[in-house]
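Side chains are part of it too, since the values below use all heavy atoms of this structure and drop only hydrogens, waters and symmetry mates. Just so we're on the same page: letters track the sequence lines, and every chain starts at 1.
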Protein chains: 2
Amino acid sequence: MDRLETRELAYFSAVADELHFGRAATRLGIAQPALSKAIRQLERKLGVTLFERTSRAVALTEAGRILTREAYVVLEAVSAAAARTRRAGNREPRLLLAMKPGGDGGLLPAILTAYEREPGVLPAEVIFEADSARALREGRADAALLYAPPDDLDQLDTETLLTEAPVAVLPTSHPLAQRSSLQMADLAGEDLHRKPSEPGEMPSLSTLMHLIALGRKVAVLPRVLTTPLRDDLTAVPMTDLPSINLLLAWPAHSTSPSVAALVRAAASAAAAREPD
Amino acid sequence: MDRLETRELAYFSAVADELHFGRAATRLGIAQPALSKAIRQLERKLGVTLFERTSRAVALTEAGRILTREAYVVLEAVSAAAARTRRAGNREPRLLLAMKPGGDGGLLPAILTAYEREPGVLPAEVIFEADSARALREGRADAALLYAPPDDLDQLDTETLLTEAPVAVLPTSHPLAQRSSLQMADLAGEDLHRKPSEPGEMPSLSTLMHLIALGRKVAVLPRVLTTPLRDDLTAVPMTDLPSINLLLAWPAHSTSPSVAALVRAAASAAAAREPD
DNA sequence: GCCGATCCATTCACACAGGTTATCGATCGC
DNA sequence: GCGATCGATAACCTGTGTGAATGGATCGGC
C-alpha cells in the first residue's frame with residue numbers, strides 16, 4: 001500500500017516502549033487521540049494488527065514485536081543519514097576518528113602519521129567517545145577504533161589491527177602473580193571485573209588499577225591497556241580465552257577516499273608494529 | 001531540527017537519480033513545483049545544500065552524494081520493515097528460506113529434515129530467488145542459502161556450511177583435463193566463464209555445461225555445482241583461488257526461534273556431510 | 001543579438017493530513 | 001454500584017503539501 005513514514009515509526013516506537021497510549025503521547029508531545037489515530041493508520045497501511053488493546057491494557061502482537069525491532073533499525077538509519085549528510089555539508093570537511101580514551105593500543109600516532117602521508121586526504125580529527133561503535137553507527141564519526149567483539153558489528157566493515165591474548169592483572173603480591181600463565185578457572189575465587197552493561201558504570205582505567213592494587217578486584221584486559229603497568233601490579237597471560245582484537249571500523253558502504261586512506265594507513269602502522 | 005521523512009528521502013532519491021526536477025516529478029507522479037519545494041525543505045532541515053542548480057543543469061553536491069547512499073539504505077530498510085511486519089502478521093506464519101535453484105550444495109533435504117525435528121518451529125517453505133541475499137534484505141525471506149562472497153553482507157549474520165576449493169570444468173578431451181590441479185595462469189588462454197553482472201545474462205548451468213563440452217568456454221565453479229558431471233566433462237581443483245563457501249544467512253537482528261532452529265539444523269546437516 | 005526552448009523557482013488557491021478539545025464506553029478496584 | 005483509568009470516537013481547526021499557471025534565467029540556432 002502506501003509508504004511507511006518516519007513519523008509513524010517513531011510514534012509506534014513510543015507506544016511499543018510505553019505500552020500505554022497516554023504516556024506515549026505525552027512523551028511525543030502530542031495528544032492521545034492523535035496518537036491512536038496514527039497507530040490505526042499504520043496498522044491499516046500494513047494490513048496487520050500491531051497492538052492488542054483493551055480498555056485496561058495494551059500488548060504487542062507478534063507483528064508488533066517484529067516492527068519494534070525494525071523501527072529501531074530504520075530510525076537509527078534515518079538519524080545516521082541526517083548526521084552524515086550534515087557533516088558532509090560542512091565547508092570545513094574533516095575525517096573524524098572515534099575512539100575510547102586509551103583505546104588505540106598505542107597505534108594512534110603511527111596511524112595518523114601514515115595517514116597524513118597519503119595524498120589528497122581530509123584533515124583527520126580524533127574524537128573521544130566511550131562507545132565509538134555507536135558514534136560510527138550514528139554518523140557522528142567516519143571511522144572508529146574499537147576492541148572486538150563489539151556488541152554489534154551491523155553495517156560496519158572492519159580491519160583487524162592487533163590480535164592479542166588477554167592478560168590477567170593482579171597485585172604483584174598475589175599468589176597467582178608468579179605464574180607464567182593462567183586459565184579462567186584459576187580466577188574462580190576472585191572478584192573479577194566485568195564489563196558493565198550500563199554506560200557510565202565503567203570505572204576509569206586508573207581507578208580499576210587502584211582497586212586491583214588494593215586487592216579488591218582482578219581484571220582481564222587486552223595487554224595494550226596494561227602498559228605501562230604500576231609497579232605493584234603484574235600482568236599474566238590467559239591461555240583459555242579468545243584473543244582480543246583491536247579493529248578499525250567504518251560504515252560498510254563508505255566510498256570516501258579519506259576513509260580508504262585511513263584503512264591503508266592503519267594497516268601499515270599495525271604491520272610495522274607486528275615485529276615487536 | 002525536524003525529523004527526516006521517508007517521503008522526502010524518496011523525493012530526493014528520484015531527483016538524485018534523474019538530475020532533473022521535471023523528470024523526477026513525473027516519475028513520482030507529482031508536479032514539479034511540489035518537488036522543488038520538498039527538496040528545499042529537506043535542505044533546510046539538514047542545513048545543507050544537496051543540489052547545485054542552475055537554470056540549465058542540476059548537480060549533486062558532496063553532501064548530496066552522501067545522502068544518495070544513505071537514502072537508499074533507509075528506503076530499503078523501511079520497505080524491509082514493512083515486508084517483515086506484514087509477513088509476521090499473517091495468520092499462517094511460515095519460515096521462508098530463499099535459495100537459487102540448485103544452490104544448496106545438496107544439503108537442503110538434510111537441513112529440512114533436521115529442522116523439522118526441532119520442537120516448536122514454524123513450517124518451513126523454500127522459495128527460489130535468483131538473488132537470495134536480496135530477498136533476505138528486502139524482508140521477503142527469513143533465511144537464505146548463498147555462495148560467499150556475496151556482493152553485500154550488510155546486516156546479515158551467516159553460518160558457513162561448506163567450504164570448498166573451486167574446480168575448473170573442462171572438456172575431458174582438453175589437454176589440461178588430465179592435470180591433477182590447476183592455477184589461474186593455466187587458464188589464461190581460455191574463454192573463461194565470468195559471473196555476469198546483469199541478472200538474466202547468466203546462462204543456466206546446463207547451458208553452461210553444454211558450452212564447455214563444445215569447447216567454447218571453460219568455467220570455474222564450486223565443486224558442489226559440478227556433481228553429477230557429464231561424462232564428457234572433467235573437474236580439476238584450482239589451487240590458487242580462495243575457497244568458496246556455502247552460507248546460511250539471516251537478518252543480523254533476528255530473534256526468531258525458528259530461524260535459530262534452522263541455523264542449528266543447517267550446521268548439523270553440514271557437519272554430517274563433512275566426513276565424505 | 002534576437003528568439004524559442006528548456007528548466008527551475010515562485011505564486012496562489014485548495015484539499016487534506018494531522019493536530020486539538022470534548023466526550024463516550026469499557027473495564028477494574030473498592 | 002461508583003469513581004478512576006484508559007483507549008476510541010466525534011467535531012473542528014490549522015499548517016502544509018499539492019497542482020495549475022506564471023515568471024525568470026540560460027543556452028543553442030540562425
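- Atom CD in B/E5 sits roughly 12 Å away from atom C1' in C/dG18 (whole-Å rounding).
- Using a 4.0 Å heavy-atom cutoff across all strands shown, A/Q32 reaches at least one base atom of the nucleic acid.
- A salt bridge is defined here as a Lys NZ or Arg NE, NH1 or NH2 lying under 4.0 Å from an Asp or Glu carboxylate O, and B/R84 with B/D142 fails to meet this definition.
- When the nucleotides D/dT18, C/dG19, C/dA22 are ranked by their closest atom to the side chain of B/K37, D/dT18 comes out on top.
- Using a 4.5 Å heavy-atom threshold, the side chains of B/L136 and B/P251 count as touching.
- In this entry the distance linking CD of B/E8 with C1' of D/dT18 reads 15 Å, nearest Å.
- The CZ-P distance, from A/R3 to C/dA17, rounds to 14 Å in whole Å.
- A 4.5 Å side-chain heavy-atom check between A/L248 and A/T158 finds every atom pair outside the cut-off.
- Ring-centre distance between A/F51 and A/F12: below the 6.0 Å cut-off.
- Residues A/A38 and B/G22 each lie close to DNA chain C; by heavy-atom proximity, the contact nearer the 5' end of the strand is made by B/G22.
- Contacts of B/Y11 with the nucleic acid, taken as non-hydrogen atoms under 4.0 Å apart, involve only primed sugar atoms and P, OP1 or OP2.
- At the phosphate of C/dC8, neither OP1 nor OP2 sits under 4.0 Å from any side-chain N or O atom of B/S36.
- Using a cutoff of 4.0 Å between basic side-chain nitrogens and carboxylate oxygens, B/E129 and B/K100 are not scored as salt-bridged.
- Distances were taken from every side-chain heavy atom of A/A31 (C-beta onward) to each of C/dG19, C/dT21, D/dG7; the shortest belongs to C/dT21.
- Computed from coordinates, the B/L19 CG to C/dT6 C1' distance equals 16 Å when rounded to whole Å.
- Annotation: side chain of B/L145 is not in contact with side chain of B/L247 (no heavy-atom distance under 4.5 Å).
- Counting only heavy atoms from C-beta outward, the side chains of A/L50 and B/T85 approach each other to under 4.5 Å.
- Here C/dT10 is the nucleotide among C/dT10, C/dC8, C/dG18 with the atom lying nearest to any side-chain atom of B/R40.
- In this entry the distance linking CD1 of B/I30 with C1' of C/dA15 reads 16 Å, nearest Å.
- When distances are taken from the side chain of A/P33 to each of D/dA8, D/dT9, C/dT20, the shortest belongs to D/dT9.
- D/dG7 atom C1' lies 14 Å from atom CD of A/E52, rounded to whole Å.
- If you measure from atom CD1 of A/I39 to atom P of D/dA8, you get 10 Å, rounded to the nearest angstrom.
- A salt bridge between B/E43 and B/K45 is absent, with no side-chain N of the basic residue lying under 4.0 Å from a carboxylate O of the acidic one.
- Sequence order on DNA chain D of the closest nucleotides to B/A34 and A/H20 puts A/H20 first from the 5' end.
- Between A/R7 and C/dG18 there is a side-chain N or O to OP1 or OP2 distance below 4.0 Å.
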Distances under 3.5 Å only, N/O to N/O: pair up the protein atoms with those of nucleotides 27-30 of chain C.
from: C/dT27; atom 1: O4'; to: A/S55; atom 2: OG; distance (Å): 2.9
from: C/dC28; atom 1: O4'; to: A/R56; atom 2: NE; distance (Å): 3.3

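- Distance, B/Q41 CD to D/dG17 C1': 9 Å, rounded to whole Å.
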